[in-house]
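Heads up, the thing below is written out as structure tokens.
Everything quoted here is computed from the prediction, not taken from an experiment.
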Amino acid sequence: MPFHQKTCGLIDPAASVGDYSGFEFDHYVEGSVDCNTCNGGKFCIHSTSNIGCSRWYLTENERETYRVVDLEGRRAVVAVGYIDESINPELMREARAVFDSVVFGSGK
């Protein structure tokens with residue numbers, strides 16, 4: 001498997017979600033990746049062991065946007081994904097609206 005120069009890009013280094021600050025980034029594989037040459041036809045993006053894969057992409061077109069927020073020392077991670085252009089654009093807009101509507105309140 002060739003080395004890929006870029007797998008994510010910072011979108012907003014100072015994102016806020018409700019009363020809390022954090023950051024937002026896109027996670028994707030840049031370049032031409034033939035997932036068929038990867039282990040089991042999957043491009044592994046997260047694993048908790050050296051023999052398994054807990055999160056993967058099946059094509060180079062997949063991507064996810066993450067927001068990571070510091071909740072007074074505890075981390076919250078919210079994500080929305082995109083698989084490919086076959087997904088109904090209206091459903092993607094709705095998913096993004098739900099993602100954007102997530103807030104954390106401090107109760108103050």
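No side-chain heavy atom of Tyr20 sits less than 4.5 Å from a side-chain heavy atom of Arg74.
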ask   = Between Arg55 and His27, does a side chain to side chain contact (heavy atoms under 4.5 Å, CB included) hold up when you go through it step by step?
value = CA-CA 12 Å; Arg55 181 72 183 99; His27 191 268; over 6 Å; no
message = Show, in sequence, the C-alpha distance, side-chain angles and deciding distance for Glu72 and Phe104, and conclude whether the side chain to side chain contact (heavy atoms under 4.5 Å, CB included) test is met.
response = CA-CA 11 Å; Glu72 298 174 0; Phe104 299 97; over 6 Å; no
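When hydrophobic clusters are built by joining Ile, Leu, Val, Met, Phe, Trp and Tyr residues whose side-chain heavy atoms come closer than 4.5 Å, directly or via intermediates, Val98 is not grouped with Leu91.
The only option from Val69, Val80, Val78 that meets the side-chain contact (heavy atoms from CB on, under 4.5 Å) definition with Val102 turns out to be Val78.
Ion pair Arg93/Asp100 not flagged as a salt bridge, since none of the NZ, NE, NH1 or NH2 atoms sits closer than 4.0 Å to an Asp/Glu carboxylate oxygen.
Here the closest heavy-atom approach between residue Trp56 and residue Cys44 is recorded as CB-CA, 4.1 Å. Minimum interatomic distance between Tyr66 and Phe99 (heavy atoms only, all atoms of both residues): C-CZ, 4.3 Å.
One distance of note links CD of Glu62 with OH of Tyr82; it measures 10.5 Å at 0.5 Å rounding.
Taking a 6.0 Å sphere around CD1 of Ile87, one finds it holds more than 12 heavy atoms contributed by other residues, nucleotides or ligands.
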